[in-house]
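Note that ligands are numbered from 1 as they come in the structure, with each ligand's atoms numbered from 1 the same way.
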Amino acid sequence: MTRILIVGAGFAGAVHARELADAGFEVDVIDKRNHIGGNCFDYVHESGVRIHRYGPHLFHTSSQKVVDWLTRFTGWIPYEHRVVARLSDKRLVPLPVNLDTINEVFGTRFETEDAVTAFLTTKSVARSEITSAEEYLYSAIGTELTDLFFRPYTSKMWGMSLSEIDAAVVRRLQIRTSRDDRYFLDDSFQAMPKDGFTTLFERMLNHPRIHVRLSEAFDKERSEQYDFCFNSMPIDEYYSFAFGELPYRSIKFHLIEVPITQAQSRVVINYTDASPYTRETWWHVLPGHHIYRTNNVVQTIEEPCDYRLNNFERYYPVKNKDGRFDLVYRRYAEQRSHGGHMNFIGRCGTYQYLDMHQVINQSLMNVQKWLRDRASFQAS
Ligand SMILES: Cc1cc2nc3c(=O)[nH]c(=O)nc-3n(C[C@H](O)[C@H](O)[C@H](O)COP(=O)(O)OP(=O)(O)OC[C@H]3O[C@@H](n4cnc5c(N)ncnc54)[C@H](O)[C@@H]3O)c2cc1C
C-alpha cells in the first residue's frame, strides 16, 4: 500500500489530500498549526462576527474547473469586492484608481474614458526602461497619483521604496479609466463560501482515507516512513537554509471590538497616510459574516512587518527588482529531495504569491500529473 504524507492543511495540502484519497490512496495530513485551512482559516468571534484570522480572503476566479471542484464542498454567496482609500481629509475614494478617483483627487469632472486616458497621458513621465515599480507607475499615471496611492502604502507593505521593488508587483494593480470599482474586474466568478472557509476545508478533508494530525511539525525522520511526500512547508527551511533565506513580508493583525453604532459600512478601507498601518477590514459587512448580533462588531487593522518580527509567519514572498531571491529559490528547487519522493507545493513550497484559485488549480494539475507519471512508471 502506498503511504502518502502531506505537509500543510492549507489549500495546497487539502486539495492534494482530497484528490489522492479519491484516487484510492491513504493520506496523512499534518500541520504545525492547531487548525486546518492554512491562511484561509476563519472562525466566529465572540461578538458574533466571522473573522478570517490571516486577513480578508475574497474568492475570485475565471476557472470553471476550480469553481466546479469547490462546489462539491460548499454553497456560495455572490460577492463582488470593492475597496476604498482614505485620503488625508478623510474622503473615501475608489481603489484601484478609476475615473471617480481621478475626479476626486484632481477636482476634474471627466465623464468619459477617453478624457481620463488623455489626462493620464499628460501626467505620464516617459521612461526608456521599466524595471522598478516606480518606473512603471510614473510612466502609467505620473507622480501625483503614484505618491498618493502607492509610495507610502508600498513602503509600509514591503519595507522598501518603490524604486527597489520589481515592476511586476504593481503591474497587477489596475489603473482604470472607467467608473468600474470592482476590485477583481476580470474574474467571472466572485463569491464567498456560504458557511465560511474552515467549514469548506472540513468537508474537503472529511474522507475515510484522509487522516489529519494538527499541531505536528514536519520531521524528516518520520517522513521516511512514507512512500511520497507533498510538502507545503517553506522550501528553504526544509534545506536548513543551505543557500540562504527566502524572505517574506508578514502582517500583524490588530483586532478591535467596536460598538455596532460606530461601525463602518465598507468592507476594506486602505490608508494612504504614513502611519505603519495599511488597511482596516469590517467583517460584519461581508455577506454571511454577521452570524449573530451583539452590541459590538470587530475591525481588523493590518500592520505589515518583516516575518522575523512576527513569529516567522510567512505571507508575501519578497520580490526585489534584481530577482535575487528567485535565484536562491531556483537553487533549492533544483535539489532532488527525499530520494525524488518529495514534491514542494503551494505558496511557501514554491516561493510565489498565489491566490486561492491559483493554488487550487495548480494542485489539481499536480495530482493528475503525479498519477499519470506513476501509471507510466508502473507500466514500464
Ligand atoms: C493577508 C493575505 C490575504 C490574502 N487574500 C487573498 C484573497 O483575498 N484572495 C485569494 O484568492 N487569496 C488570498 N490570499 C492568498 C491565500 O492565502 C493563498 O492562496 C493560500 O493560503 C495558499 O495556500 P497554501 O496551502 O499554499 O498555503 P497556506 O495557506 O499558508 O498553508 C500552508 C500550511 O502549511 C503549514 N506548514 C508550514 N510549515 C510546516 C511545517 N514545517 N510542518 C507542518 N506544517 C507546516 C502551515 O501551518 C500552513 O497551515 C491572501 C494571503 C494573505 C497572506
Side-chain angles (χ1 to χ4, degrees), residues 5-18 28-42 51-63 66-67 70 79-83 157 172 183-184 187 189-193 197-198 200-201 204-205 212-220 222-223 229-240 246 248-253 267-268 278-279 281 286 300-305 307 310-317 342-363 366:
L5 174 67
I6 293 188
V7 183
F11 262 122
V15 173
H16 276 78
R18 182 64 190 217
D28 286 353
V29 180
I30 60 165
D31 202 299
K32 65 179 183 181
R33 288 173 172 162
N34 63 2
H35 61 74
I36 57 172
N39 284 345
C40 308
F41 174 73
D42 57 20
I51 290 174
H52 306 181
R53 180 172 292 172
Y54 306 98
H57 278 69
L58 300 318
F59 187 78
H60 58 100
T61 185
S62 291
S63 165
V66 169
V67 175
L70 285 176
Y79 170 65
E80 289 182 326
H81 189 50
R82 288 178 166 80
V83 175
M157 182 66 213
R172 64 192 174 98
Y183 200 75
F184 305 113
D187 283 319
F189 185 87
Q190 305 185 28
M192 300 303 288
F197 283 103
T198 303
L200 161 59
F201 276 85
M204 268 197 290
L205 294 168
V212 179
R213 302 198 301 263
L214 297 176
S215 306
E216 181 173 325
F218 174 78
D219 175 84
K220 265 192 190 153
R222 264 193 105 174
S223 74
C229 175
F230 292 95
N231 196 337
S232 56
M233 74 185 282
I235 190 167
D236 55 343
E237 190 180 310
Y238 175 86
Y239 289 109
S240 309
L246 293 173
Y248 289 78
R249 285 300 276 179
S250 196
I251 295 177
K252 291 180 185 166
F253 298 103
V267 176
V268 170
T278 45
R279 61 175 178 174
T281 300
L286 267 173
T300 298
I301 295 181
E302 295 181 28
E303 180 184 6
C305 60
Y307 76 129
N310 192 29
N311 200 21
F312 290 83
E313 286 282 351
R314 296 166 164 88
Y315 296 152
Y316 300 101
M342 185 177 290
N343 247 201
F344 283 93
I345 58 173
R347 210 172 36 87
C348 295
T350 61
Y351 198 58
Q352 307 170 60
Y353 177 80
L354 295 166
D355 273 330
M356 293 181 277
H357 66 105
Q358 294 169 311
V359 173
I360 295 164
N361 192 39
Q362 279 186 4
S363 301
N366 197 40

Do ligand 1 and [X] have nitrogen or oxygen atoms that lie under 3.5 Å from each other?
X: Y54; answer: no
X: F11; answer: yes
X: A12; answer: yes
X: H357; answer: no
X: D355; answer: yes
X: H57; answer: yes

Ignoring hydrogens and angles, tell me if any N or O in the side chain of [X] forms a donor-acceptor pair with the backbone of [Y] under 3.5 Å.
X: N310; Y: I251; value: yes
X: D187; Y: Q190; value: no
X: D28; Y: L5; value: no
X: S232; Y: V7; value: yes

In terms of side-chain geometry, is the basic nitrogen of [X] or [Y] positioned less than 4.0 Å from the acidic oxygen of its partner?
X: K252; Y: E313; value: no
X: E303; Y: R279; value: no
X: D42; Y: R53; value: no

Taking only heavy atoms of [X] into account, list the atoms of ligand 1 that are under 4.0 Å away from them.
X: G346; result: 26 (O)
X: C40; result: 21 (O)
X: G8; result: 33 (C), 34 (O), 35 (C)
X: P234; result: 38 (N)
X: V359; result: 19 (O), 22 (C)
X: R33; result: 47 (O), 48 (C), 49 (O)
X: E216; result: 43 (C)
X: F218; result: 40 (C), 41 (N), 42 (N), 43 (C)

To check your reading of the model: name the closest protein heavy atom to [atom], its residue, and the distance in Å.
atom: atom 26 (O) of ligand 1; value: R347 N, 2.9 Å
atom: atom 32 (C) of ligand 1; value: S232 OG, 4.0 Å
atom: atom 7 (C) of ligand 1; value: L58 N, 3.4 Å
atom: atom 31 (O) of ligand 1; value: G10 CA, 3.6 Å
atom: atom 45 (C) of ligand 1; value: K32 CG, 3.8 Å
atom: atom 29 (O) of ligand 1; value: N39 N, 2.9 Å
atom: atom 38 (N) of ligand 1; value: M233 CB, 3.4 Å
atom: atom 47 (O) of ligand 1; value: D31 OD1, 2.7 Å

message: Just to check, does Y353 reach to within less than 4.0 Å of ligand 1 when the distance is taken from its heavy atoms?
response: yes

message: Could you check whether any heavy atom of Y316 sits closer than 4.0 Å to an atom of ligand 1, since that is the contact criterion I want to use?
response: yes

- prompt: Aromatic ring centroids of H52 and F41 under 6.0 Å?
  reply: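 Ring centroids of H52 and F41 are no less than 6.0 Å from each other.
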
- prompt: Using a distance-only test with no angle check, is there a side-chain donor-acceptor pair under 3.5 angstrom linking R33 and N39?
  reply: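 Present: a donor and an acceptor within the cut-off.
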
message: Quick one about N343 and N231 (side-chain donor to acceptor, distance below 3.5 Å, no hydrogens or angles considered), yes or no?
response: no

message: Just to be sure I read this right, does ligand 1 sit under 4.0 Å from the backbone of L354, its side chain, both, or neither, counting only heavy atoms?
response: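 It is the backbone that gets close, since no side chain atom is under 4.0 Å.
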
field: P56 and ligand 1 - part of the residue with a heavy-atom distance under 4.0 Å
entry: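 Near ligand 1, P56 shows its backbone, while the atoms from C-beta on stay back.
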
task: Output the distance between atom CZ (F201) and atom CD1 (I36), rounded to the nearest 0.5 Å.
output: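 The CD1 atom of I36 is 7.5 Å from CZ of F201, to the nearest 0.5 Å.
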
message: How long is the straight-line distance from NE2 of H35 back to OG of S215, given to the nearest 0.5 Å?
response: 9.5 Å

query: Among Y183, Y79, F184, whose ring pair (Phe, Tyr, Trp, His ring centres under 6.0 Å) with H60 holds?
result: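 Of all the options given, the one that passes is F184.
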
field: Positive for ring pair (Phe, Tyr, Trp, His ring centres under 6.0 Å) with Y248, one of Y316, Y315, Y351
entry: Y351

